[in-house]
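Contents: one structure, followed by commentary.
Per chain, numbering begins at 1; letters A, B, ... match sequence-line order. It should be emphasised that the depicted structure is a prediction, and the values quoted were computed from it without experimental measurement.
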There are 2 protein chains.
Amino acid sequence: MDSETDPEAMTSKESLQTISERTGYSVSTVSRVLAGKGEQYRIGRRAIETITAEAQACNYRPDLIAKGLRTRKTNTIGLTVPGIDNPFFSNLASIITNHLKGLGYNILLADTMEAEEMEADALNSFLSRKVDGIIAVPVGESPEMLERISRSVPVVLIDRYFPDTTLPYVCTDNYYGGLSATRHLIRKGYRNLLAIQGVLTSMPNKERVRGFEDAVRNSGDKGIRYAVTGDGFSSENGYESTMKVLESGNPPDAIFAFSTTIMLGALTAIREKGLKIPDDIGIISFDNNRFLDYLDPPITRIEQPAPQIGRTATDMLVKMIEGSQMEDSMEGQISIRPFLVEGRSC
Amino acid sequence: MDSETDPEAMTSKESLQTISERTGYSVSTVSRVLAGKGEQYRIGRRAIETITAEAQACNYRPDLIAKGLRTRKTNTIGLTVPGIDNPFFSNLASIITNHLKGLGYNILLADTMEAEEMEADALNSFLSRKVDGIIAVPVGESPEMLERISRSVPVVLIDRYFPDTTLPYVCTDNYYGGLSATRHLIRKGYRNLLAIQGVLTSMPNKERVRGFEDAVRNSGDKGIRYAVTGDGFSSENGYESTMKVLESGNPPDAIFAFSTTIMLGALTAIREKGLKIPDDIGIISFDNNRFLDYLDPPITRIEQPAPQIGRTATDMLVKMIEGSQMEDSMEGQISIRPFLVEGRSC
DNA sequence: ACAATTTGCGCAAACGTTTGCGCATGTCAC
DNA sequence: GTGACATGCGCAAACGTTTGCGCAAATTGT
């Protein structure tokens, strides 16, 4: 009656050892019982009852550090994102964290801030901490480090990836996204298109450009003019690129911004110039954000399938971790089609 | 020449043991040298050089799990937020993660989704994982669990807190925020104010209400009317509360939304009613978000000092962890004044 | 040449688990 | 009464570290 309400239940000092002493059973037996392997190891009813009761009473929680050391399994996975601040990544992180929790894993979070050294640090730290797996939004252009890491522990890339590697990834189908955005602009009657791109070297960016250009070329309409400009997923880039073309002799009648940040910059420039959206100029963006619906006008955009990306990547990783060897049925490089959400900006 | 470029450098199999074998020095010596305690333990120059060289060559990384078991220090801290999705929390998380990284800690992230059971799960998990400390945005109204936890491991609350506890926290000075927002509205000439509140039971909410009411009462202007309505930090709440009062016999001429989400809902309602901001109705919000500047009109708001909160809390926690006992000079319950950012919405 | 001191390093225990193996005792068949 | 098998449980090693203690050899003092 007082053991279960003991006010001084120093929450941390309980161990198999202490329970063993109090119940009179050996540490091994206690361990097996509390691991739920009582039956399996033919531990008697008496023992099982006594031990579970005592564990309950003293609020025993296994030391996952010790367990991890012994079993080499930490039930922890590492997640790197280039900026948890960025709504797209925090959304991904949220999905992944919650999905992973359901599967019995905790997450170690690292923010790489788009810096390769920080990414390297984070990955090394993950290794030292013996994570069971890693989900990463890679920064930088070289897969080297990640490939090395993936020889020690399962790695799944999300959102970004490297060409010519076997590293598994799941990302948006950026080509398709570029294609659909551009087709939408063309369908709406725009004929002088400008794409403002982000980080030039990143695959997502390259794919979007490819989609953009293919859409124009395959449109069958020889009258369409188009250009690609800009460098960097920043609103400065959006602002300056837009300003430049608006003041040039050949201003576009529609802008395809490769990210929300770029779009915001463009929007500012357009407003400064006093142009009306969507009549003077149309705009379409690439990203998710609930705020986009509250802008004036609400922004038409290609939304990335963040939930699917997050869930697919997590499932994939967990399969790699727990799977009885690589199950060959597993496709390791997946891209998921984004979808158009119409605002009134084009 | 080839040991440092060994392609088969199985990144994980290196241990003090293997280095010990290859160098001929004992595990203890290797440990001491690699811990940088060579001098301190009077290890010879030869040994130090050989060992560091070998460790370098084979890219040795200490096993932090084993180290943690032995030293009872994991250099990991747990962070719970009620929704990493929410820009305010992801912003906090970002600040904390990065600040903590600089101090040599990694972070275990848990999303509690505003649910007390999930918070309890997360905290227990943190305990099992032997985190060195915890930073939490508590959900729920009862400090019980967190107080119990804080007897085992340092805990610092952020953003929200409990009255009548000694749990250390650092949060926005919500009273001051409520006060300044309301004073601003009054200064701008509004005379019929409506506050749309969030979670009624939370301290931040209560304090904002108190600030709101005090500002009106202390204004010396008997002509000012005011009311508080709503329940929940959601846009639905914002929308419905606004709709109701706009359709009532006594519509307000200014709205003080207690969060961005609430503000967005209110904004929708106002637009639907065809009212002009700020002439027909003024609006002021409470939160941070870069998007607020891109709305039409840009929203005037009380910005929370997230960076200070994050950094202060982190420093506080680390001091508690590493400090030579509680340094008495330490004030444990801190609130930081938010500041007004003017848009054109009132 | 011998004691005292310093220098350089290793032994072994400990952290809290898990798990292969094996030892008692009890039960049954004959 | 003996062998065979089932039942119930414990011993001890192992995971990779850190660290108190202490021992041997080298150096110094006298």
Side-chain angles (χ1 to χ4, degrees), chain A residues 10-52 55 58-76 127-132 152, chain B residues 10-52 55 58-76 127-132 152:
Chain A
M10 276 301 294
T11 333
S12 61
K13 309 249 69 163
E14 299 296 346
S15 67
L16 294 183
Q17 173 72 13
T18 67
I19 298 188
S20 158
E21 280 160 11
R22 282 199 301 269
T23 58
Y25 290 98
S26 77
V27 171
S28 347
T29 302
V30 177
S31 167
R32 293 196 251 248
V33 168
L34 296 182
K37 299 184 181 169
E39 311 281 304
Q40 178 185 332
Y41 280 92
R42 304 183 321 238
I43 307 293
R45 295 190 59 68
R46 276 234 99 88
I48 297 197
E49 278 161 18
T50 329
I51 292 172
T52 16
C58 71
N59 191 33
Y60 169 75
R61 306 266 165 209
D63 182 327
L64 263 27
I65 294 290
K67 182 169 181 164
L69 179 58
R70 176 59 226 240
T71 62
R72 309 274 71 198
K73 181 130 201 305
T74 54
N75 280 279
T76 301
L127 246 37
S128 274
R129 294 186 135 82
K130 304 296 166 187
V131 297
D132 294 335
S152 318
Chain B
M10 277 298 295
T11 332
S12 62
K13 309 249 68 166
E14 299 298 345
S15 68
L16 295 183
Q17 173 72 16
T18 65
I19 298 188
S20 157
E21 280 159 10
R22 281 200 300 269
T23 58
Y25 289 97
S26 78
V27 172
S28 348
T29 301
V30 177
S31 168
R32 291 193 252 248
V33 169
L34 296 182
K37 299 182 181 170
E39 310 282 302
Q40 177 183 332
Y41 280 93
R42 301 182 325 234
I43 308 294
R45 296 191 60 66
R46 275 233 100 86
I48 297 197
E49 279 161 17
T50 327
I51 292 173
T52 17
C58 71
N59 191 33
Y60 168 77
R61 307 267 163 206
D63 181 327
L64 262 26
I65 295 288
K67 180 168 183 165
L69 178 59
R70 173 62 225 240
T71 62
R72 310 275 70 199
K73 183 130 199 302
T74 55
N75 280 279
T76 300
L127 246 36
S128 274
R129 294 186 133 79
K130 305 296 167 188
V131 296
D132 294 335
S152 317

How many Å lie between [atom1] on [X] and [atom2] on [N], as a whole number?
| X | N | atom1 | atom2 | value |
| --- | --- | --- | --- | --- |
| A:Arg45 | D:dG8 | CZ | P | 10 Å |
| B:Gln40 | D:dT19 | CD | P | 9 Å |
| B:Glu39 | C:dT7 | CD | C1' | 13 Å |
| A:Glu14 | C:dT17 | CD | C1' | 16 Å |
| A:Ile19 | C:dT17 | CD1 | P | 8 Å |
| B:Leu64 | D:dT18 | CG | C1' | 13 Å |
| A:Tyr41 | D:dA6 | OH | P | 18 Å |
| B:Arg61 | D:dT17 | CZ | P | 13 Å |

Ignoring backbone atoms, establish whether [X] has a side-chain N or O less than 4.0 Å from OP1 or OP2 of [N].
| X | N | result |
| --- | --- | --- |
| B:Thr71 | D:dT18 | no |
| B:Lys37 | D:dT19 | yes |
| B:Ser26 | C:dC9 | no |

* Basic-acidic side-chain contact under 4.0 Å: A:Arg70, A:Asp63 ->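 No, this pair does not count.
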* **Spacing of OG1 belonging to A:Thr76 relative to CD1 belonging to B:Ile65, to within rounding of 0.5 Å** =>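 Reported value, rounded in 0.5 Å steps: 7.0 Å.
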* To do: Quick one: pull up CD in B:Glu39 and CZ in B:Arg32 and give me the separation to the nearest 0.5 Å.
  =>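 Between B:Glu39 CD and B:Arg32 CZ, I get 14.0 Å after rounding to 0.5 Å.
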If you check the [X] side chain, which of [options] turns out closest?
| X | options | answer |
| --- | --- | --- |
| B:Val27 | D:dC11, D:dG16, D:dT18 | D:dT18 |
| A:Arg32 | D:dG10, C:dT18, D:dT18 | D:dG10 |
| A:Lys67 | C:dG16, C:dT18, D:dT19 | C:dT18 |
| A:Leu69 | D:dT18, C:dG16, C:dC9 | C:dG16 |
| A:Arg42 | C:dT18, C:dG10, D:dC9 | D:dC9 |
| B:Tyr60 | D:dC9, C:dT19, D:dT17 | D:dT17 |

At 4.0 Å (heavy atoms only), tell me whether [X] reaches a base, stays on the sugar-phosphate, or touches nothing.
| X | answer |
| --- | --- |
| B:Tyr25 | sugar-phosphate |
| B:Lys73 | nothing |
| B:Gly24 | sugar-phosphate |
| B:Ala47 | sugar-phosphate |

Which donor-acceptor pairs under 3.5 Å do the side chains of residues 17-26 of chain B make with protein atoms, sequence neighbours left out?
unit_1	atom_1	unit_2	atom_2	d
B:Gln17	NE2	B:Glu21	OE2	2.7
B:Thr18	OG1	B:Glu14	OE1	2.9
B:Thr18	OG1	B:Ser15	N	3.1
B:Thr18	OG1	B:Ser15	O	2.9
B:Ser20	OG	B:Tyr25	O	2.7
B:Arg22	NE	B:Glu54	OE2	2.6
B:Arg22	NH2	B:Glu14	OE1	3.0
B:Arg22	NH2	B:Glu54	OE2	3.0
B:Thr23	OG1	B:Ile19	O	2.8
B:Thr23	OG1	B:Ser20	O	3.4
B:Thr23	OG1	B:Tyr25	N	3.3
B:Ser26	OG	B:Ser28	N	3.4
B:Ser26	OG	B:Ser28	OG	3.4
B:Ser26	OG	B:Thr29	N	3.2
B:Ser26	OG	B:Thr29	OG1	3.2

* To do: Please check if the side chain of A:Arg72 supplies one atom and the backbone of A:Lys130 the other of a donor-acceptor pair under 3.5 Å.
  =>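 Not at all, since once roles are kept as given, no pair shorter than 3.5 Å links the two residues.
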* Steps toward side-chain contact (heavy atoms from CB on, under 4.5 Å) verdict (B:Leu16, B:Tyr60) -> CA-CA 8 Å; B:Leu16 295 183; B:Tyr60 168 77; 3.4 Å; yes
* To do: Look at the side chain of A:Arg70 against the base of D:dG16 and say whether a donor-acceptor pair falls under 3.5 Å; ignore hydrogens and angles.
  =>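 Answer no: no donor N or O sits under 3.5 Å from an acceptor.
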* Asked: When only distance counts, do a donor and an acceptor, one from the side chain of B:Ser28 and one from the base of C:dC11, lie under 3.5 Å apart?
  ->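 Flag set: donor-acceptor pair detected.
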